[in-house]
Amino acid sequence: MEYLFLSAVSGERLVSMTGKILEGLGVSAVIFVLTLLFALPLGFVVAAGRMSKRRPVRWFFQLFISVMRGTPLMLQLFIWYFCPYYLFDISLSDLAIFGIEYRYSAVIIGFSLNYAAYFSEIYRAGIESIPRGQYEAAQVLGYSGSQTFFRIILPQVIKRIIPPVTNEVITLVKDTSLAFSLSVLEMFTVAKQIASAETTMMPFIIAGVFYYIFNFLVAGVMSFIEKRLAYYKG
């Protein structure tokens, strides 16, 4: 009887741990979705600047990409969080939006700009991989520059960049754990707190399973998209 009681208590603790970690997973998912929502289109802007024929513009975006890729994401999060206060003497409480603490906004800003830099280089590589002859053929057929890009070039680029974009998206799922540096209670932070309080490794195991499931679903969605675009052959 005593053994069964202890097993039942252990089961209750496991359910409690899982519930709390699921709440953290929800925060991680929000960071993931908002980062993609901003970083994917922003990456095109950065890529366009990177390929600009105007040297000052091109150099600015080259520097931006170099800094974003050459410094730790955690350091960038700290900078975005503390800069308003130390550089402009703005109280962080004044930056709250709809009652949401600025730390959450800083996380989204940091992640979005960092991943926009990575996505931009993937976009640039995809665009530059298209043979120049396709542009010339479109011009002969009477297509304008925008028509050539959106009707002929872009569909091929999207097909070609899906695999490297998938790698970055999967990395993003795991990088959401870096939000702990600004005391954002995402899944890894919650698991670490529970593990410390309960003196057990089980929360880390549960979190690891959830990370794997999250990435498995993301990889499945990206694979589905790639198959749907399979009729675009480079």
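For Ser66, there are no side chain to side chain contact (heavy atoms under 4.5 Å, CB included) partners at least two apart in sequence or on another chain. For the side chain to side chain donor-acceptor pair (under 3.5 Å) test, no residue two or more places apart in sequence or in another chain qualifies with Glu23. Evaluation of the side chain to side chain donor-acceptor pair (under 3.5 Å) rule for Ser177 yields no partner, not counting sequence neighbours. Considering only residues two or more places apart in sequence or on other chains, Tyr212 meets the side chain to side chain contact (heavy atoms under 4.5 Å, CB included) condition with Phe216. Not a single side chain to side chain contact (heavy atoms under 4.5 Å, CB included) links Gln139 to another residue, sequence neighbours left out.
Applying the side chain to side chain donor-acceptor pair (under 3.5 Å) rule to pairs touching residues 71-82 yields Thr71-Gln76, Gln76-Asn114, sequence neighbours excluded. For residues 180-210, no residue pair satisfies the ring pair (Phe, Tyr, Trp, His ring centres under 6.0 Å) rule, not counting sequence neighbours. Pairs of residues two or more places apart, or lying in two chains, that qualify as side chain to side chain donor-acceptor pair (under 3.5 Å) and include a residue from residues 125-136 are Arg124-Glu128, Ser129-Arg160, Gln134-Gln156.
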Distance-only donor-acceptor hits, side chain of residues 26-52, under 3.5 Å, sequence neighbours excluded:
| from | atom 1 | to | atom 2 | distance (Å) |
| --- | --- | --- | --- | --- |
| Ser28 | OG | Gly24 | O | 3.3 |
| Ser28 | OG | Met187 | N | 3.1 |
| Thr35 | OG1 | Ile31 | O | 2.7 |
| Ser52 | OG | Arg54 | N | 3.1 |

Just distance, no hydrogens or angles: give the donor-acceptor pairs under 3.5 Å from side chains in residues 168-176, sequence neighbours left out.
| from | atom 1 | to | atom 2 | distance (Å) |
| --- | --- | --- | --- | --- |
| Thr171 | OG1 | Asn167 | O | 2.9 |
| Asp175 | OD2 | Tyr115 | OH | 2.6 |
| Thr176 | OG1 | Val173 | O | 2.6 |

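With a 4.5 Å cut-off between side-chain heavy atoms of Ile, Leu, Val, Met, Phe, Trp and Tyr, the cluster of Ile79 takes in Leu75.
Scanning both residues, Gly142 and Gln147, for their nearest heavy atoms gives O-OE1, 4.3 Å. The two residues Ile21 and Ile194 make their nearest non-hydrogen contact at CG1-CD1, 4.1 Å. Counting all heavy atoms, side chain and backbone alike, Tyr102 lies closest to Pro84 at OH-CG, 3.6 Å.
Residues Gln193 and Ser196 bring no donor and acceptor atom of their side chains to less than 3.5 Å of each other.
Cluster membership check: Met222 shares its hydrophobic cluster with Ile122, using side-chain heavy-atom separations under 4.5 Å among Ile, Leu, Val, Met, Phe, Trp and Tyr.
Side-chain atoms of Ile153 and Thr148, non-hydrogen and from C-beta on, do get closer than 4.5 Å to each other.
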